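Quick notes on the structure that follows.
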There are 2 protein chains.
Amino acid sequence: MVGTHGTSEAKRLDGHQTETDAELIPDARGRTDKPEPTCPVEVALAAISGRWATLVLRELMHGPCSFGELRARLPTLTAKVLTDRLGELVAQGLVAKDRLPGFPVRTSYRLTDAGMELRPLLITLYSTGSRVLAALAPRDE
Amino acid sequence: MVGTHGTSEAKRLDGHQTETDAELIPDARGRTDKPEPTCPVEVALAAISGRWATLVLRELMHGPCSFGELRARLPTLTAKVLTDRLGELVAQGLVAKDRLPGFPVRTSYRLTDAGMELRPLLITLYSTGSRVLAALAPRDE
DNA sequence: CGGGATCCTTACGGATACTG
DNA sequence: CAGTATCCGTAAGGATCCCG
C-alpha cells in the first residue's frame, strides 16, 4: 500500500534511518515517547533547569562556596531564588550543604560526586551555544 | 586584613582557583553575573528548554518530519504545545518549516544547520544524566 | 492535515520584609 | 550570616473546540 508509488519524497518524510540512533538513544531509557523522569536526558535537564541554575553550578564548580559568597558573585539573584535553586540541587543529590561551626553561622555548599558529573554538560552547553550562534551569524538560512 | 590569619579554611571558601576556568568560561561572554541572552549557555539552554523540546529535537534528528508524524511519535503531546515548541525552534532559527504542495496540506519540519549543532548537546545530556544516575546509585553521599 | 483561538490552572521568578 | 514568610504578576503547559 505504502510502496505503490515509492517516491523518494515520501521516503524522506516517513523513513527514519535507524543508523545513527544508537548515538542519540543508546539504551531503552531513551526510547520514550514522553518526558519520563527516569530518562537520563530528563535527569540532566532537571539539574540545569530553572533560572540561574547554570550560574550557581558554575560558581560551585570553582569550589565550595557559602550562601553569602554566592550572593556576592551573583548580585542580582535574590535570596529566595538562590534558596530555591540550592534546595533543588540538594534534593537532587548534586550539591551538599555543610554547616560550619562558629558565629555568625556559615554554610558551605559544595558539589557532590554526582554534581561534578555536570561539568562536561556545562562545557557542552557553552560550546554548543557558540556553534549555534556561529551557524546563525552568516545568514538566517 | 584578609591575610592576617591565613587559615586554610578561609582560603577554601574565598579562594576560587582560576586554573580550570578557561575550560568552563572560554571567553568574555561567559563571565557574566546574571542570565544574559547573549551568553552561549543561554542560547543553548533556550534551544532545549520548554517541556517536550528535547523529544521534538530528537525526532527531527532522524530527518525531516511532518506535523502529524511528530504527533504520532509523541502521542500524548497536544497540538497546541507542539505548535508552541516548533514555533520557538523556528523563531530561533534551529528548525525550518516547508509547506509541501498538494492536498491535504503537508508541512515538513527539518533542522537547519544551526539546529544540527544541537546533536552533541543531546548526546551529552543523555550521557551526563546516565553518569549522574550512576553516581547517585551506590549511595546518597 | 495542520494548525488557530480560548480558557483554565499551576508553577515559577521576583520583590519586600522579617527572623534565629 | 543565612535564610524564612508572604504576596504577586506572569508565563507555561494542557484541555477543548473550531477552522481553512
Side-chain angles (χ1 to χ4, degrees), chain A residues 2 9-10 13-14 33-37 42 45-56 59-60 64-92 95-110, chain B residues 9-10 12-14 33-37 42 45-56 59-60 64-92 95-110:
Chain A
V2 181
E9 190 143 30
L13 269 171
D14 297 332
D33 61 352
K34 61 172 174 295
E36 305 264 21
E42 294 294 323
L45 237 28
I48 58 172
S49 72
R51 209 157 141 81
W52 296 95
T54 55
L55 289 168
V56 170
E59 294 306 324
L60 291 176
C65 209
S66 72
F67 190 86
E69 281 169 340
L70 287 171
R71 290 212 64 188
R73 294 187 195 170
L74 306 170
T76 60
L77 168 57
T78 66
K80 188 258 201 176
V81 175
L82 178 54
T83 302
D84 287 356
R85 221 73 322 151
L86 288 170
E88 290 163 9
L89 292 171
V90 169
Q92 291 169 103
V95 166
K97 178 178 181 172
D98 305 320
R99 303 199 88 92
L100 306 181
F103 190 83
V105 186
R106 279 217 146 208
T107 310
S108 178
Y109 291 92
R110 62 183 168 80
Chain B
E9 191 141 32
R12 279 187 55 210
L13 270 170
D14 297 332
D33 61 352
K34 61 172 174 292
E36 306 263 21
E42 294 293 323
L45 238 26
I48 59 171
S49 72
R51 210 158 141 82
W52 296 95
T54 55
L55 288 169
V56 171
E59 295 307 323
L60 292 176
C65 208
S66 72
F67 190 88
E69 282 169 338
L70 287 170
R71 290 212 65 189
R73 294 187 197 172
L74 306 170
T76 60
L77 169 56
T78 66
K80 189 258 200 176
V81 175
L82 178 55
T83 303
D84 287 357
R85 222 68 327 145
L86 287 171
E88 290 164 9
L89 292 170
V90 169
Q92 291 169 101
V95 167
K97 178 178 181 173
D98 306 320
R99 304 199 86 92
L100 305 181
F103 190 83
V105 187
R106 280 220 146 205
T107 310
S108 178
Y109 291 93
R110 63 181 169 81

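The sequence lines fix the lettering, A, B, ..., with proteins before strands; numbering per chain opens at 1. Source: prediction; values computed, not measured.
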- State whether B:W52 places a side-chain N or O below 4.0 Å from either non-bridging phosphate oxygen (OP1 or OP2) of D:dG14. yes

- Axis-to-axis angle between the two ends of the helix from C:dC1-D:dG20 to C:dG20-D:dC1 (five base pairs per end, rounded to 10 degrees): 50°

- Query: Is the phosphate of C:dG13, meaning OP1 or OP2, less than 4.0 Å from a side-chain N or O of A:R85?
  - Reply: yes

- Rounded to the nearest 0.5 Å, how far apart are CG of A:D98 and OG1 of A:T107? 9.0 Å

- Specify the residue among B:K80 and A:V105 whose closest nucleotide of DNA chain C lies further upstream toward the 5′ end. B:K80

- What distance do A:L89 atom CG and A:D84 atom CG have between them, rounded to the nearest 0.5 Å? 11.0 Å

- For A:T76 and B:D33 the tightest heavy-atom approach is OG1-O, 4.4 Å

- Message: Under 4.0 Å from OP1 or OP2 of C:dC1: is there any side-chain N or O of B:R99 that close?
- Response: no

- Task: Using only side-chain N and O atoms of A:Y109, determine if any of them is under 4.0 Å from OP1 or OP2 of D:dG3.
- Result: yes

- N/O (side chain, B:T107) to phosphate O (OP1/OP2, C:dC1) under 4.0 Å: no

- Item | Most 5' of A:G50 and A:F103 on DNA chain C, judged by nearest nucleotide | A:G50

- Task: Report yes if a side-chain nitrogen or oxygen of B:T78 is closer than 4.0 Å to either non-bridging phosphate oxygen (OP1 or OP2) of D:dG13; otherwise report no.
- Result: no

- Query: For C:dG14, does either OP1 or OP2 sit under 4.0 Å from a side-chain N or O belonging to A:R51?
  - Reply: yes

- Do you know which two heavy atoms are closest between A:L55 and B:P35, and how far apart they sit? CD1-N, 3.5 Å

- Item | Nucleotide of D:dT4, C:dG3, C:dG13 approaching A:V81 most closely (side-chain heavy atoms) | C:dG13

- Could you state the CD-P distance from B:E88 to D:dA12, rounded to the nearest angstrom? 7 Å

- Item | Between CD on residue A:E69 and OG on residue A:S108, distance to nearest 0.5 Å | 8.0 Å

- Testing C:dG4, D:dA2, C:dG2 for proximity to the side chain of A:R106, the answer is D:dA2

- Considering just the side-chain nitrogens and oxygens of A:K97, establish if one lies under 4.0 Å of OP1 or OP2 belonging to D:dG3. yes

- Message: Under 4.0 Å from OP1 or OP2 of C:dC1: is there any side-chain N or O of B:R71 that close?
- Response: no

- Message: As an exercise, state the distance from NZ of A:K34 to CG of B:L77, rounded to the nearest 0.5 Å.
- Response: 12.0 Å

- Task: Nearest-nucleotide wise, let me know which of B:S49 and A:L86 is further upstream toward the 5' end of DNA chain D.
- Result: A:L86

- When rounded to the nearest 0.5 Å, the distance separating OG1 of B:T54 from CZ of B:R85 is 10.5 Å

